[in-house]
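Structure, as structure tokens:
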Amino acid sequence: MVNSSKHLLTRFGVCTFHLFFLYPVAKASNCAKMSVMKKIFLFFMAAVSSAFLMSSCSNDERDFVELEPCGILLPVSQEYLDKGLTMDSYGTDMAVYPVTIIGFTYPKAVQEVYAQASLEPLDADDPYAQEKFYRELKEKISVHQKLICEIAVIPSEEYESLLKNPLEGLSFISDMKVIAKKYGNTYLVSNIENTFEGMSDEELEAYRDCERHVMDAVKKAKFKKIEIKKFNPDDYADFARSDDMKIPMFASLDVDGNSVTEQIFKRAKMTVLLFWNQRDEKSASFAGEFSSWTQLLPDGVQALGIICDINSPTESDRIEASRKTTGNLFTNIIAAGELQSLGESFGNLPAVVLVDESGSVWGRPIENANLEDCIEMLSLWMETGTEPNHSVSLDN
């Protein structure tokens with residue numbers, strides 16, 4: 001069993017839900033001309049939507065839902081989709097290997113959470129009040145949203161190689177159960193361990209029904225021959241930048257008490273943006289190395305940090321500790337409001353992304369970051385420039 005906080009979306013190299021869907025929503029929801037009700041509607045859609053790009057064909061008892069990037073035909077009844085069963089599939093444009101995430105959302109309970117939420121913090125020009133509102137709302141919703149299982153597809157030769165020589169970040173594959181070997185690929189499933197505190201008896205029964213249905217469906221799954229395009233994070237020229245994928249609007253303070261907004265990216269052609277945790281030894285150690293490297297950055301490039309486990313300027317002890325960690329050699333920002341959600345979108349800190357002067361993210365994020373990869377990414381940008389045909393967006 002795998003804890004739901006460590007799911008394959010993160011471990012297979014896909015940034016979590018916030019990064020691909022909540023970013024543009026968060027950006028839009030900060031627009032001054034947008035009504036509060038539109039903000040809530042967009043946040044609601046981000047929290048409960050499940051992207052189904054699937055086709056189906058009739059079966060005597062169930063419909064076979066095609067999870068296209070994975071080449072899986074799963075016999076799932078509409079009855080369970082109505083109960084709250086959700087399925088999302090991702091190809092190698094977003095993950096190291098194709099992966100399907102199967103989950104459960106209890107719509108009735110989620111709707112009640114929104115109905116009971118006070119909208120007052122969204123009207124106030126206070127990033128800390130808004131951050132608290134979103135954090136508490138997310139916590140309440142998470143009670144009624146659970147992951148059930150994850151299915152990954154790996155070329156069989158690579159799977160056997162990974163078992164013998166596990167790569168960093170992919171060692172968990174050995175704990176997954178093989179459900180099939182077809183067309184040169186190995187299909188793996190990992191069940192998720194959940195907690196159910198706060199769920200009603202009716203809701204828990206619906207979840208258990210969906211869980212049993214999914215486990216039975218996995219046993220009866222059919223498979224199609226697919227070609228798995230090799231994930232190559234260095235193959236940047238195959239991607240194009242999307243101007244819609246930008247760091248969201250935000251308002252916060254740096255560790256010296258200065259106000260900071262997204263306008264800070266306009267100070268340089270490119271920003272090397274570090275997400276790190278002060279209280280994590282590995283993350284803090286890298287922040288110290290990163291700090292020294294920032295003194296060698298070329299003209300037109302700046303470094304910024306977002307300290308993900310400092311969310312308020314009142315955390316004076318942690319703020320002072322962060323100054324000592326970095327020598328205060330580059331600007332570090334408190335992760336309030338949208339910045340906290342941004343940090344939570346990464347599965348493994350420290351993480352580094354490049355952000356251009358318009359706020360657009362360039363390249364793929366580097367999680368479990370090391371200086372060698374950061375230098376390589378920055379060098380690639382310097383060699384190719386920032387023309388759209390050379391730049392990569394996180395949503396590609």
Side-chain angles (χ1 to χ4, degrees), residues 2-10 14-30 34-52 80-88 101-124 127-150 192-211 214 248 250 308 311 335-347:
V2 177
N3 186 284
S4 60
S5 66
K6 303 237 181 235
H7 53 80
L8 301 185
L9 276 176
T10 297
V14 178
C15 287
T16 56
F17 170 81
H18 293 84
L19 199 56
F20 289 102
F21 194 67
L22 190 54
Y23 272 22
V25 171
K27 179 176 181 292
S29 69
N30 278 281
M34 183 168 290
S35 69
V36 170
M37 290 310 295
K38 285 185 178 179
K39 294 178 185 178
I40 290 295
F41 174 75
L42 286 172
F43 193 87
F44 173 79
M45 292 300 292
V48 302
S49 293
S50 179
F52 293 111
Y80 294 89
L81 296 175
D82 294 340
K83 284 186 177 182
L85 191 62
T86 63
M87 289 174 283
D88 298 277
I101 311 298
I102 301 179
F104 171 83
T105 294
Y106 198 57
K108 178 181 177 182
V110 172
Q111 290 166 8
E112 289 178 357
V113 169
Y114 279 94
Q116 295 170 8
S118 170
L119 308 185
E120 188 173 337
L122 296 181
D123 290 324
Y128 302 108
Q130 293 178 7
E131 179 272 330
K132 181 180 179 182
F133 170 82
Y134 284 121
R135 185 180 70 249
E136 292 178 350
L137 190 62
K138 185 173 66 175
E139 289 174 354
K140 291 176 181 177
I141 290 172
S142 67
V143 173
H144 312 289
Q145 292 183 322
K146 306 295 180 184
L147 295 178
I148 294 177
C149 73
E150 302 159 318
I192 306 300
E193 182 179 336
N194 286 302
T195 59
F196 304 103
E197 184 178 356
M199 294 179 73
S200 67
D201 292 342
E202 176 184 315
E203 184 177 1
L204 183 56
E205 182 180 358
Y207 169 84
R208 293 297 190 195
D209 285 347
C210 288
E211 183 182 42
V214 168
F250 66 87
C308 299
N311 309 122
E338 302 296 350
L339 294 183
Q340 185 176 14
S341 295
L342 198 59
E344 290 173 352
S345 67
F346 295 99

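Tested against Y106 for a side-chain hydrogen bond (donor to acceptor under 3.5 Å, both in side chains), the candidates E203, E202, Q145 yield a single pass: E202. Just one of K146, H144, K83 meets the side-chain contact (heavy atoms from CB on, under 4.5 Å) condition when paired with Y207; it is K146.
Between P107 and G84, the closest heavy-atom pair is CD-CA, 4.5 Å. Minimum interatomic distance between L147 and N194 (heavy atoms only, all atoms of both residues): O-ND2, 2.6 Å. The two residues N311 and A335 make their nearest non-hydrogen contact at ND2-O, 2.9 Å.
Shown here are the side chain to side chain contact (heavy atoms under 4.5 Å, CB included) partners of E205, two or more places apart in sequence or in another chain: D209. Contacts of S142 classified as side chain to side chain contact (heavy atoms under 4.5 Å, CB included), with partners at least two apart in sequence or in another chain: none. Applying the side chain to side chain donor-acceptor pair (under 3.5 Å) test to K140 and every residue at least two apart in sequence or in another chain returns nothing.
The CZ atom of F250 sits 5.0 Å away from atom CG of L339, with the distance rounded to the nearest 0.5 Å. A distance of 10.0 Å separates CD1 of I148 from CZ of R208, quoted to the nearest 0.5 Å.
At most 12 non-hydrogen atoms from other residues, nucleotides or ligands lie less than 6.0 angstrom from CG of D201.
Residues V143 and E197 are not in side-chain contact: their nearest non-hydrogen atoms beyond the backbone lie 4.5 Å or more apart.
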